[in-house]
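Quick notes on the structure that follows.
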There are 2 protein chains.
Amino acid sequence: MSAITNRRERERAQRHQLIITAARELAEAEGWEAVTTRRLAERVEYSQPVLYSHFDGKDAILRAVAIEGFGELAVRLRDARPATPEPPQALHAVCRAYLEFAAEHPALYQAMFVLPTDVKFAHAETPPPLRAGFDEFVNCFRPDNPRRELFAEVTWSALHGMAALSAGGRIRPDGQTERLDLLVTQIAGSR
Amino acid sequence: MSAITNRRERERAQRHQLIITAARELAEAEGWEAVTTRRLAERVEYSQPVLYSHFDGKDAILRAVAIEGFGELAVRLRDARPATPEPPQALHAVCRAYLEFAAEHPALYQAMFVLPTDVKFAHAETPPPLRAGFDEFVNCFRPDNPRRELFAEVTWSALHGMAALSAGGRIRPDGQTERLDLLVTQIAGSR
DNA sequence: CTATCACTTCTAGCGCCGCTAGATTTTGAG
DNA sequence: CTCAAAATCTAGCGGCGCTAGAAGTGATAG
């Protein structure tokens, strides 16, 4: 492989990332309904068909943004979980980090967990960062708890509900902290 | 007001409902992305502009479907809650009814709680049936519990999370019952 | 140095979308 | 039967996702 081909591939990879970033920024700034192939092409300063040489279509761009988000969320949750796996505190920290992530990047969160997708969840083809993020919840429960996966599912569901209803203006946006505290108390606090 | 005008208004109201029903059926059959003004007009056997004499636009049709859903959900939850307000059982029954409703009418549920909307939640202009549905959750908790509204919010959020993640293929679709049982146990089961 | 050719990128356009202006048809009163 | 008003439709605008084929670009063989 020649040096020239090499440079080309590097530039191509850069442009690939540029498209993903542009889509994400445009979505955060104006919502996903404003992310059209025309506006995206204009933003990356190429014509529309160039997008299709990188992605199979608009859905694939959205999927790429979501996958980027899964990686960032996993890191965020990992950093939030303290070394000591003392259930209530660890769980509270990870849950708070999750809600903060959703609130800070509403459009990204929407691409990951709300918009239609064909990304496989809880499946062999699940992107590793997504599984890693889920495991952060699992690891908030004692290893001897045979139902820790189930606890993690319920916790994650509850957090998603709070994040989604809040982002959609369907629940008091303040009071998120109170809800978080109550959730953690109830999930971790008894049997 | 003449008898003729009267008849006209009756027919007009019928057509209004026909549009709502057609939109809902089409969405349940093929998803909301298949609900276009052209297909909807064809289905009700009128031209497109007729839709706009009944609704301000596609979003308003969607909103009308959602509001119809709020009424049906409130009835469903009310019928599910047993007269005896014994917390765990009543809560379990109402929660199960909620998840069943979401699973039976995925597109309707999506219109109500997932798709963008300007329906006001937790607000003075909230549609009464929506508030009534929420109150069914509140009433699952003891009246002397000063935080029963908060408990209801967390419960509802958790249920929405389960329903939405399940409908979006983002969580094991089986196991919904296990998750429900665990949720109710944790929310109602400890002090 | 130039001709070639593969590769990259763009222009232009298809069928569909939500929505609307203005023409046309239908209706019921006089 | 006439005719204005009301109801409804035809036709079209600008924008959407996507793509075929034209045009441009640059490395390489002669």
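Proteins get letters first, then strands, A, B, ... in listed order; numbering begins at 1 in each. Since this is a predicted model, take the numbers as computed values, not measurements.
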Test item: A:Trp156 and B:Leu165 side chains (from C-beta on) under 4.5 Å apart, heavy atoms |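 Yes, close enough: below the 4.5 Å cut-off.
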
Which is it for B:Phe137 and B:Tyr98 under the ring-ring contact (aromatic ring centres under 6.0 Å, His included) test, yes or no, and what are the steps along the way?
-> CA-CA 10 Å; B:Phe137 286 110; B:Tyr98 186 97; 5.7 Å; yes

Mind running a 4.0 Å heavy-atom check of residues 16-40 of chain B against DNA chain D and sending the residues that fall below it, in number order?
->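 Heavy-atom cutoff 4.0 Å gives B:Arg38.
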
Whole-Å distance separating the CD atom of A:Gln48 from the P atom of C:dT11 |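 Those two atoms, CD and P, are 11 Å apart.
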
Separation of atom CD in A:Glu42 from atom P in D:dG15, rounded to whole Å =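 My rounded result for the distance is 12 Å.
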
May I ask you to say whether A:Arg78 pairs ionically with A:Glu136, meaning some side-chain N is under 4.0 Å from a carboxylate O?
->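 Salt bridge between A:Arg78 and A:Glu136, a charged N being under 4.0 Å from a carboxylate O: no.
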
Would A:Phe70 and A:Phe113 count as a close aromatic pair, with their ring centres under 6.0 Å?
->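 Ring centres of A:Phe113 and A:Phe70 closer than 6.0 Å.
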
Looking at the rings of A:Tyr109 and A:His160, which for Trp means the six-membered one, are their centres under 6.0 Å apart?
->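 Centroid distance A:Tyr109-A:His160: below 6.0 Å, so yes.
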
More than 12 foreign heavy atoms under 6.0 Å from CG of A:Asp174: is that the case here?
->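 Atom CG in A:Asp174 is crowded, with more than 12 foreign heavy atoms closer than 6.0 Å.
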
Taking atom CD of A:Glu100 as the centre, does the number of heavy atoms from other residues, nucleotides or ligands within less than 6.0 Å exceed 12?
->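 Enclosed.
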
Residue-level proximity of residues 51-62 of chain B to DNA chain C when a heavy atom falls under 4.0 Å |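 Hits under 4.0 Å, by residue number: B:Tyr52, B:Gly57, B:Lys58.
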
Would you tell me if any nitrogen or oxygen in the side chain of A:Arg15 comes within less than 4.0 Å of OP1 or OP2 on C:dT9?
->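 Affirmative; the distance criterion is met.
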
B:Arg15 to B:Tyr46, cation-pi by 6.0 Å centre distance and 45° axis angle =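 The answer is yes, since B:Arg15 meets both limits relative to B:Tyr46.
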
